[in-house]
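This is a predicted model, so every value here is computed, not measured. Just so it is clear: chains get the letters A, B, ... in the order the sequence lines come, proteins before strands, and each one is counted from 1.
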2 protein chains.
Amino acid sequence: MTARFSRDALVRELRRRGIRVTAQRIAVAEAILGAAEHLTVQEIYRRVRQRFPHITVGTVYNTLEVLTASGLIQPLPFPGGTRYDTDPTPHLNVVCIRCGQVRDLPDDGGHLAGLAELARRRTGFQPLSQQAAIYALCPSCSPS
Amino acid sequence: MTARFSRDALVRELRRRGIRVTAQRIAVAEAILGAAEHLTVQEIYRRVRQRFPHITVGTVYNTLEVLTASGLIQPLPFPGGTRYDTDPTPHLNVVCIRCGQVRDLPDDGGHLAGLAELARRRTGFQPLSQQAAIYALCPSCSPS
DNA sequence: TTTCATGCAAAAGTTTTGCAACCCC
DNA sequence: GGGGTTGCAAAACTTTTGCATGAAA
């Protein structure tokens, strides 16, 4: 996920979503949007602190909740802590259980959409978001 | 998930998997296998403590890791902590993001199998297990 | 008898909370 | 100016670790 917003566009996007804009919030959003992988809260915290040495984890958590509620980012419960995703299109996370690397794949077969539809039909629940992970061994971590 | 093993069968199953059998491990396994829902570690701990008041969380975590490594149970990273699943067949978790209830659905359309296959083909990773969750609002929690 | 699990305790890590000062709108 | 946000601090909660004792094979 490369940066999808210029600074200005990001500010506009936040305002559009009814989020009060602060420098810290911009920094948090930029950290997530500019990352190639799904960052943990600590990783986000570390990056933002380079620009705002006085920011606290509490503020980061606060901001993550606001951004999540607005739909700009999505929390992914992972072993080892919550990570944040910015890809709004449904996709698959493939996780190596040994080295921890995560690869994203688009929902090419429409399987994720199919699962959401299945859930709606069978439970009457109203699907909002989804997460799918395959836990696997990457080639380097596979027993040769 | 109702209990799938008699006490004796469970002991045999643990031995078959190369797990050293202790009374505490049986209790932990029975708690998980006998539960209808996916229990958190604290819920497991609370249940087992009724039989073994001196057991510690450390032992529960230890046991969960052993049972996971053997493939008898599967950890599910959920918002709010890890839960444990005993259903070895791939299935879908539908979670109400407000009240937290979880419903399981079988992989009727073969979507989960399709995702694992997609992951294998596209990444070369060797799929071991999987998790799919739909975050949704249940009828009672839906804004009428 | 040897090896490994348990219990106890402490520590590391994650997430939440309360509140006064401050900043965005 | 008003109300929401920040920083600071403490606390609650989850998970990991070290070690002496005890139990399983």
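Side-chain proximity of A:T22 to the nucleotides D:dT6, D:dT16, D:dG3 is greatest for D:dT6. Closest contact between the side chain of A:T59 and the listed nucleotides D:dT5, D:dT15, D:dG7 involves D:dG7. Nearest to the side chain of A:T63, among D:dT5, D:dT6, D:dT14, sits D:dT6.
As rounded to whole Å, 21 Å separates atom P of D:dA24 from atom CZ of B:R17. In this entry the distance linking CD1 of A:I55 with P of D:dC8 reads 11 Å, nearest Å. Residue B:I26 contributes atom CD1, which lies 15 Å from atom P of D:dA23 at whole-angstrom precision. One interatomic measurement links the two molecules: CD of B:Q24 to P of D:dG22, which rounds to 14 Å at whole-angstrom precision. Taking atom CG on A:N62 and atom C1' on D:dT6, their separation rounds to 8 Å, with Å as the unit. In this structure, B:F78 atom CZ and D:dC13 atom C1' are separated by 19 Å, rounded to whole Å. We find that CZ of B:R20 is positioned 16 Å from P of D:dG22, with the value rounded to whole Å. In this entry the distance linking CZ of B:R12 with C1' of D:dA25 reads 18 Å, nearest Å.
Contact of the B:L115 side chain with the A:L115 side chain is registered, since non-hydrogen atoms from C-beta on lie closer than 4.5 Å. Considering only heavy atoms from C-beta on, A:R12 comes within 4.5 Å of A:D8 through its side chain.
For A:R25 and D:dT5, the shortest distance from a side-chain N or O to OP1 or OP2 is below 4.0 Å. Proximity of A:H54 to the phosphate of D:dT6: no side-chain N or O atom is located under 4.0 Å from OP1 or OP2.
The residue among B:G58 and A:G58 whose nearest nucleotide of DNA chain D is located toward the 5' end is A:G58.
Salt-bridge check for B:E43 with B:R46: failed, with every basic side-chain N at 4.0 Å or more from each acidic carboxylate O. Between B:R47 and B:E30 there is no salt bridge, since no side-chain nitrogen of the basic residue lies less than 4.0 Å from a carboxylate oxygen of the acidic one.
For the pair B:L92 and A:A119, the tightest heavy-atom approach, listed with the atom from each and the gap, is CD2-CB, 4.2 Å. The two residues B:H91 and B:P106 make their nearest non-hydrogen contact at CB-CA, 4.2 Å.
Looking at heavy-atom distances under 4.0 Å, B:V66 makes no contact with the nucleic acid at all.
For A:R49 and A:Y45, the positive end sits near the middle of the six-membered ring, less than 6.0 Å away and at most 45° from its axis.
Along DNA chain C, the stretch of nucleotides lying under 4.0 Å from any heavy atom of chain B spans, 5' to 3', C:dT3 to C:dC8.
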